[in-house]
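Structure first, then comments.
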Amino acid sequence: MPVITFSPMENELRKDYFLDRRVIIAVGRGKRPSDFKRDPAPEEDGKTCFFCPGNEEMTPAEISRVEEDGHWVIRVFPNKYPAVTTEEEEGSDELMPAYGYHEIVVENPAHSKSVSDLSIERISHVLSVYNERVEHMLSDPRVRYALVFKNHGRKAGASLSHTHTQIISTPVVPRLVKEEAEAVERYKTLNGSCPLCDAWKKEVGGPRKVWEDYHMAVFTPYASRSPMEAWIVPKRHVHDLGDLSDEERHSMASAFKLLLEKLRDGLNDPPYNLYFHVNPRGADLHLHVELLPRLSNWAGFELGSEIIINTMAPEDAAEFYRPE
Ligand SMILES: [Zn+2]
Ligand SMILES: [Zn+2]
Ligand SMILES: [Zn+2]
């Protein structure tokens, strides 16, 4: 693995652990975590919420629920406006039906609460619900991948403010995931090891470490694309959520709670996206979660070059997230 040392240069061009993806860390622009603190969220407009208890009939037919004391605490149903379709038709590589499933997981019945407000035990349960749905989607041979992702806040693409996660399956492996899986193979040939196993081992001993326990590592990636980007990586080389033991899932839930609470309390709950990169069939991609707060805009340079300018050093972001 290449030796990476942090030096406080003004503008650094950094390369990702295994992808051919580069970012410019423009710390010369001098952003600190507190610069991203936003004003408290505006009051809600009082419209009827489809995801609230009592309005269950307003969503498509429920797929599953987890109950406690006779009330649901986690609820899964198809998206009312799916991005994909289960209609089967022949197609070609250039044009095929966007075959797949698009589901919603509501993790907290309380309208103005979020995942960060749940107990670690409940978040762990939520993670197993995500996995059940992913496994169900992948049991369909026409499905090649299922992405679990969360859009939190309007700027991150959430059209409804009630917290929820989406899962969309696709009939192809998405390009980014394919590139990651291919980069893993190249890295293994060169170094004889997994890039994410190497990354977490290095990062827990350095300035980008956020937190670790026996099972999980949390760090701000060396080539962070966004201020406050953070990754959760299981220490064991596992491929998907179903590979995690109960204890490992509990650790991952603790990591979620830590990161999301810090964002909520330290930056007034900014918009963020997070997603799970599970292993596509037949590959060897190490499961990881990428959390990207939406604190900057990707503009012409980013779109035209795919080189992202990040105005905050991940070393500063790690300091912000680190538990006292
Ligand atoms: Zn609601
Ligand atoms: Zn690994
Ligand atoms: Zn990834």
Side-chain angles (χ1 to χ4, degrees), residues 1 15-21 23 41 43-59 71-75 77 80 104-115 117 145-149 152 158-165 173-204 215-226 229-241 243-244 248 273-280 283-292 308:
M1 196 195 174
K15 187 173 174 292
D16 182 70
Y17 302 112
F18 60 131
L19 287 175
D20 183 20
R21 181 170 71 196
V23 304
E43 288 295 309
E44 296 244 5
D45 53 13
K47 270 197 227 143
T48 306
C49 172
F50 306 151
F51 294 175
C52 268
N55 298 336
E56 288 83 357
E57 77 289 348
M58 298 174 92
T59 70
H71 302 282
W72 64 264
V73 289
I74 306 170
R75 193 164 173 265
F77 46 87
K80 199 168 188 171
I104 304 283
V105 182
V106 178
E107 302 102 332
N108 194 336
H111 182 79
S112 49
K113 296 288 182 182
S114 190
V115 170
D117 299 302
Y145 201 74
L147 190 82
V148 178
F149 64 98
H152 178 84
S159 51
L160 289 166
S161 62
H162 195 133
T163 195
H164 63 284
T165 285
V173 178
R175 188 182 77 160
L176 177 57
V177 177
K178 203 165 133 194
E179 280 178 1
E180 287 193 358
E182 287 168 359
V184 164
E185 294 309 318
R186 278 196 301 278
Y187 186 99
K188 275 163 59 183
T189 307
L190 270 172
N191 303 285
S193 52
C194 158
L196 279 156
C197 284
D198 284 356
W200 79 252
K201 283 174 195 155
K202 176 179 168 47
E203 295 297 14
V204 296
H215 301 294
M216 219 50 56
V218 181
F219 52 89
T220 54
Y222 173 71
S224 286
R225 290 158 288 168
S226 135
E229 178 173 351
W231 289 11
I232 303 172
V233 181
K235 290 188 173 177
R236 201 158 59 86
H237 182 80
V238 292
H239 285 154
D240 49 58
L241 284 166
D243 292 340
L244 297 179
E248 286 170 322
N273 297 112
L274 71 78
Y275 48 85
F276 292 74
H277 273 161
V278 303
N279 185 42
D284 189 23
L285 182 62
H286 188 139
L287 167 70
H288 57 286
V289 180
E290 305 182 12
L291 165 69
L292 285 117
I308 311 296

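Residue numbers start at 1 and run along the sequence shown. Since the model is a prediction, treat every value here as computed from it, not as a measurement. When a ligand or atom number is given, it counts from 1 through the structure's own listing order.
Distances from the Zn ion (ligand 2) to each N, O or S atom of His286 single out ND1 as the nearest. For His111, the N, O or S atom closest to the Zn ion (ligand 1) goes by the atom name ND1. Taking the Zn ion (ligand 1) as reference, His162 places its N/O/S atom ND1 nearest.
Side-chain N/O atoms of Trp231 and Glu203 include no donor and acceptor closer than 3.5 Å. For the residue pair Ser193/Asp198, the side-chain donor-acceptor check at 3.5 Å is satisfied.
Taking the Zn ion (ligand 2) as the corner point, the angle from His237 atom ND1 to Cys197 atom SG is about 110° (rounded to 10 degrees). Rounded to 10°, the angle that SG of Cys52 and SG of Cys49 form at the Zn ion (ligand 1) is 120°. Vertex the Zn ion (ligand 3); arms to Glu290 atom OE2 and His288 atom NE2; angle 100° (nearest 10°). Glu180 contributes OE1 and His277 contributes ND1; the angle these two atoms make at the Zn ion (ligand 3) is 80°, rounded to 10°.
Side chains of Glu179 and Arg21 form no contact here, defined as non-hydrogen atoms less than 4.5 Å apart.
Taking the six-membered ring where the residue is Trp, Tyr275 and His277 present tilted rings, their angle falling between 30° and 60°. Taking the six-membered ring where tryptophan is involved, the planes of Phe51 and His164 are perpendicular, since the angle between them exceeds 60° and thus also 30°.
When the shell of 6.0 Å around NZ of Lys178 is examined, it contains 12 or fewer heavy atoms from other residues, nucleotides or ligands.
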